[in-house]
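Report on one structure; see the data block that follows.
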There are 2 protein chains.
Amino acid sequence: MDLQLSVDRGSPVPLYFQLSQQLESAIERGRLAPGSLLGNEIDLAGRLGLSRPTVRQAIQSLVDKGLLVRRRGIGTQVVHSQVKRPMELSSLYDDLEAAGQRPATQVLRQDVEEATAEVAAALAVPEGTEVLLVERLRLAHGEPMAHMRNHLPADLISPKAAELETTGLYRLLRGAGVTLHSARQTVGARVADAAEAQLLAEDEGAPLLTMQRTTYDDTGRAVEYGSHLYRASRYSFDFQLLVRP
Amino acid sequence: MDLQLSVDRGSPVPLYFQLSQQLESAIERGRLAPGSLLGNEIDLAGRLGLSRPTVRQAIQSLVDKGLLVRRRGIGTQVVHSQVKRPMELSSLYDDLEAAGQRPATQVLRQDVEEATAEVAAALAVPEGTEVLLVERLRLAHGEPMAHMRNHLPADLISPKAAELETTGLYRLLRGAGVTLHSARQTVGARVADAAEAQLLAEDEGAPLLTMQRTTYDDTGRAVEYGSHLYRASRYSFDFQLLVRP
DNA sequence: CAGTGGTCTAGACCACTGA
DNA sequence: CAGTGGTCTAGACCACTGC
């Protein structure tokens, strides 16, 4: 197994990160075959001129991603199956863009309102607090995909309609210095009523996927509550789970 | 912040794990308030008689769980929001049991069959390979919740119907020595046809959640492919996501 | 038995934050 | 500036695996 592994000590990139990236790309390119053993940590450290803890840190990050499996007494193996990304906190805009679907957005509404009981509870603010409401229609290839209603604390961002039409909400939040940390989601289904059907170019009674999501920043503050409708004929949630050890 | 932290060096439980458990329970009991600083790692190590890397390992595991946030130059803080469990690879049986719903199962069918193209592709076996097909109806409080069709390689387990009625499939797999590792899922929606409606005690045209899942063990072998239908009026998927740093 | 990963130590220097 | 987490080293011993 003659992988060309090497680290650059002059680089500001941490050594363990350089190594984990090289291993990850070797796995992705198939240079490290599924099921193959990685070779023991001590040798690897010696060959690279690194200490064992540093090598372990690199390997551990790939184990956490699900690309490698360690077995005591055996060694470290490349997982057989192609693990794709675990479910990420991504916006529909990013998802569509990544799929090459050239998303478009129509901003239907953008107002500052007083929080209803539902929104206040989700954002953990007093009822009646001013919140920004953004209502959008997401299109792909000119076809409606989803209707999205988002509520945000009014002091976070004040996006222009043009910004909302050319980028995702999460990108705007990150640009405003918000560090997204976690989200709580509920995915369900229901059938379209007449108004929803017309908005999404479906028939009344068509199946819709519903998703409610509250997103928190790293201080634990709720920064967004979304309540969305997706056309089930055009969209499904697709994701990977890792079993926590 | 006078937490009674201590480690038992005689215990076979790793020191970092003892510490992370004590910190986690302190956070859950509210003894470590959200937003409070944890105190620096060097002091903590000194007070416990541990080395700094060991303390860091304990803290890191809680950061990975989303309970703590580190900020360079600032310190380590308890996250404000109550983070619940991230989405787990759990069976509906376990989910219902955890919710106190006393699940029940009707085994509708249990056969060894030849894999269809769909199943063969999902399990990565040749078409026509013998696979175990299990078809079940999951009930809670006597009401149908979901219709579940699972396909498994025929050589893994041969469960008795009684076992299938009193436990989840994943528990049976774990009991057979299978280490579950990851799963790929797709969640969608559609409306019930006449047969599905009757089976699930819904009306024709009622909304259903669909879920297809392929589960892999730690060698990357596909050990289960499931194709399930949930009554949207009774069930939704509820989960937490962490943003990968 | 030899070889593997799992855990742990006691230091070191750096980068970033806030006062 | 002092204090924090981020990274890194060079060892050590243990637990588990397979031969």
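Rounded to whole angstrom, the span from the CD atom of A:Glu41 across to the P atom of D:dT9 amounts to 14 Å. Distance CZ (A:Arg56) to C1' (D:dT9): 15 Å, rounded to an integer number of Å. Distance, A:Leu62 CG to C:dG5 P: 14 Å, rounded to whole Å. With rounding to whole Å, A:Arg72 atom CZ is found 5 Å from D:dC16 atom P. At whole-Å resolution of the value, CG in A:Leu68 and C1' in C:dT4 are 15 Å apart. Rounded to an integer number of Å, the gap from A:Gln57 CD to D:dG5 P is 16 Å. Look at CD on B:Gln77: it is 11 Å from P on C:dG18, rounded to the nearest Å. Following rounding to the nearest Å, A:Leu15 (CG) and C:dC14 (P) show an atom-to-atom distance of 14 Å.
Under the 4.5 Å side-chain criterion, counting only non-hydrogen atoms from C-beta, A:Gln185 is not in contact with A:Gln212. Side-chain contact between A:Leu156 and A:Leu132 is absent, with no heavy atoms from C-beta onward closer than 4.5 Å.
Contact annotation: B:Asn40 side-chain N/O to D:dG3 OP1/OP2 distance is not under 4.0 Å. Distances shorter than 4.0 Å separate some side-chain N or O of B:Arg9 from OP1 or OP2 on C:dT9. The shortest distance between the side-chain N/O atoms of A:Thr76 and the OP1/OP2 oxygens of C:dT4 is not below 4.0 Å. Contact annotation: A:Arg52 does not reach the phosphate of C:dT4 (side-chain N/O to OP1 or OP2, under 4.0 Å). Of the side-chain N and O atoms in B:Tyr16, one or more sit less than 4.0 angstrom from OP1 or OP2 of C:dT7. Contact annotation: B:Ser51 does not reach the phosphate of C:dG11 (side-chain N/O to OP1 or OP2, under 4.0 Å).
Side-chain atoms of A:Ile74 lie closest to D:dG18 of the nucleotides C:dG5, D:dG18, D:dT7.
Nucleotide C:dT9 is matched to D:dA10 when pairs are restricted to Watson-Crick or G-U wobble geometry with both distances under 3.5 angstrom. Taking a pair to require two hydrogen-bonding distances under 3.5 Å in either a Watson-Crick or a G-U wobble arrangement, D:dG3 pairs with C:dC16.
Judged by distance alone with a 3.5 Å cut-off, no donor-acceptor contact links the side chain of B:Arg71 to the base of D:dG6.
Heavy atoms of A:Ile42 sit nowhere under 4.0 angstrom from any nucleic acid atom. B:Pro53 comes within contact range of at least one nucleobase, with a heavy-atom separation under 4.0 Å.
No side-chain donor-acceptor contact under 3.5 Å links B:Arg136 and B:Thr105. Inspection of the A:Glu224 and A:Tyr216 side chains reveals no N or O donor paired with an N or O acceptor under 3.5 Å.
Here B:Asp64 does not pair with A:Lys65 in a salt bridge; the nearest charged N to carboxylate O distance is not below 4.0 Å.
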